[in-house]
Number of protein chains: 2
Amino acid sequence: MLWERAREPHAHRWSLPGGGLGDLEDVEASIRRQLAEKVDVRQLSHVEQLAVFSNPKRVPGPRVVATAFLGLVPSHIDPVVPSDTAWHPVDALPATAFDHEAICRRARHRLASKLSYTNLGFALAPPEFTISALRSLYSAALGYKVSATNLQRVLSRRGLLEPTGGTVQPGPSGGRPAALFRFVSGEMRVTDPFAVLRPPSTRSLSS
Amino acid sequence: MLWERAREPHAHRWSLPGGGLGDLEDVEASIRRQLAEKVDVRQLSHVEQLAVFSNPKRVPGPRVVATAFLGLVPSHIDPVVPSDTAWHPVDALPATAFDHEAICRRARHRLASKLSYTNLGFALAPPEFTISALRSLYSAALGYKVSATNLQRVLSRRGLLEPTGGTVQPGPSGGRPAALFRFVSGEMRVTDPFAVLRPPSTRSLSS
DNA sequence: CGTGTTTTCGCCCGGTAGGCGAAAACCTGG
DNA sequence: CCAGGTTTTCGCCTACCGGGCGAAAACACG
């Protein structure tokens, strides 16, 4: 989500929401406040630090050090944003201000990585969803097609997904009704131990 | 590596090296300068951002925002450090100043994670080493014993390790002479794709 | 009721971590 | 010079996981 700058520098270029750090808040409280005040986004399902961008010439004039964040909003939430603000696909960004394109790329990469070895999908998906809907979310976030078969199996085997029991009526073209699923946990946790050598007793849990 | 604070606040407690950001440098250049100037550590094999610590009350007095780094020095390098500075095992830290213990814990966790899914071991090991020496490094960094057998196999299969051809004379208690190995690459790269669903064509390389 | 469509399930394959024990290569003492 | 002890290295086996593929399930439509 970017907003179009009205003033110089970099007028008419698109910029990430953000702002100065208040005296009584830490950086995470600050970015939550900025998003709430400036673009009325409050329903963040996940917020995490990305990196500090501190090149002395990243913005004209006096030095500005930025702490960049990755913030996610579930797909069923569509916040009303101001008129100078709009959502853009990360694969087709408009002309951005400052180093904000690099920040977006970093965020995209972080998201893709964490989707793979954590349960972060919960932060993108609605409370209930079909596997094909989840497949669309994952494909969009990762940038390549994923197999619905494997998505179902891998996430289930890791204990992240559970069926709600409900189903969804098929569309006008027919087809078997899709089962509804939910994420077991609403907090991020690492699922793939990806450890060279695990602590002796630890075993990864199967479904 | 910590230095003992001489002055208030938190006199006689142990503190991470660091300092203010100069007008013409970014945060990484700054931490490299601080380490070189203050404790004469210049041979850093790896440096990466950890996180921003910005709690308004993390230090007494005016607000200080810190960008914490993880910096590694190979085991065969033993920089001479000032008299008020000393190395401490992360498992047995002395009384630390401010939030520096939390920073150390974060760094330890980051190191353990990256040792598992990247080739970051190259940043801890000397140019040549035996498997048992590498095992000691990994065990110390991870905090638990690892099997020399699997360490050899896993790192070799991932294409990270290669034999130099040389061997080391066994100690006075005998034993087969240990073969020497080196890391193939001296730059950090992710080895475990740990992707839920890989891009259709990508395959991980075997040895 | 048959055909087409979409989803779901089962089977099989290859690759990887990991355990375990045997073999290799050396030292020391008799 | 040989026997026993020590350390390292290698090979075999198992379990598990990602992944491909095709069959089966469940529905809409004519």
* Structure fact -> Between the CZ atom in A:R157 and the CD atom in A:Q152, the distance rounded to the nearest 0.5 Å is 11.0 Å

Residues two or more places apart in sequence or in another chain: which of them pass side chain to side chain donor-acceptor pair (under 3.5 Å) with [X]?
X	answer
B:R58	B:D99
A:T167	none
B:R42	B:D40
A:D91	A:R108

Output a table of donor-acceptor pairs, distance under 3.5 Å, between side-chain atoms of residues 45-56 of chain B and any protein atom two or more places apart or on a different chain; print 'none' if there are none.
unit_1, atom_1, unit_2, atom_2, d
B:S45, OG, B:L72, O, 3.1
B:S45, OG, B:A123, O, 2.6
B:H46, NE2, B:E48, OE1, 2.7
B:E48, OE1, B:K114, NZ, 3.4
B:E48, OE2, B:R110, NH1, 2.5
B:E48, OE2, B:K114, NZ, 3.4
B:Q49, OE1, A:V52, N, 2.7
B:Q49, NE2, A:V52, O, 2.9
B:S54, OG, A:V27, N, 2.8
B:N55, OD1, B:K57, N, 2.8

Whole-Å distance between [N] [atom2] and [X] [atom1]?
X	N	atom1	atom2	answer
B:R135	D:dT9	CZ	C1'	14 Å
A:N150	D:dC17	CG	C1'	10 Å
B:L151	D:dC10	CG	C1'	16 Å

* Return no unless some side-chain N or O of B:Q152 is found under 4.0 Å from OP1 or OP2 of D:dT9. => no

* Phosphate contact (D:dG18 OP1 or OP2) by A:R157 side-chain N/O below 4.0 Å -> yes

Show every donor-acceptor pair shorter than 3.5 Å between a side-chain atom in residues 174-185 of chain B and any protein atom, with sequence neighbours excluded, or say none if there are none.
unit_1, atom_1, unit_2, atom_2, d
B:R182, NH1, B:E162, OE2, 2.7
B:S185, OG, B:E187, N, 3.1
B:S185, OG, B:E187, O, 3.2

* **A:R106, CZ atom: more than 12 neighbouring heavy atoms under 6.0 Å** => no

At a cut-off of 3.5 Å, list every protein nitrogen or oxygen paired with a nitrogen or oxygen from nucleotides 11-14 of chain C, distance to 0.1 Å.
unit_1, atom_1, unit_2, atom_2, d
C:dC11, N4, A:R153, NH1, 3.2

Throw together a table of side-chain donor-acceptor distances under 3.5 angstrom for residues 124-132 of chain B, partners on residues two or more places apart or in other chains.
unit_1, atom_1, unit_2, atom_2, d
B:T130, OG1, B:S132, OG, 3.2
B:T130, OG1, B:A133, N, 3.1

* Asked: Considering only heavy atoms, which members of residues 119-134 of chain A lie under 4.0 Å from some atom of DNA chain C?
  -> A:I131, A:S132

* Asked: In residues 175-185 of chain A, which residues come under 4.0 Å of DNA chain D by heavy atom?
  -> A:G175, A:R176, A:P177

* Given that A:T149 and A:P170 both sit by DNA chain D, which one's nearest nucleotide is further toward the 5' end? -> A:T149

* Considering residues at least two apart in sequence or located in another chain, which fulfil the salt bridge (Lys or Arg N to Asp or Glu O under 4.0 Å) criterion with A:R135? -> none

* Structure fact -> Sorted by chain and number, sequence neighbours left out, side-chain contact (heavy atoms from CB on, under 4.5 Å) with B:E4 holds for B:H12, B:W14

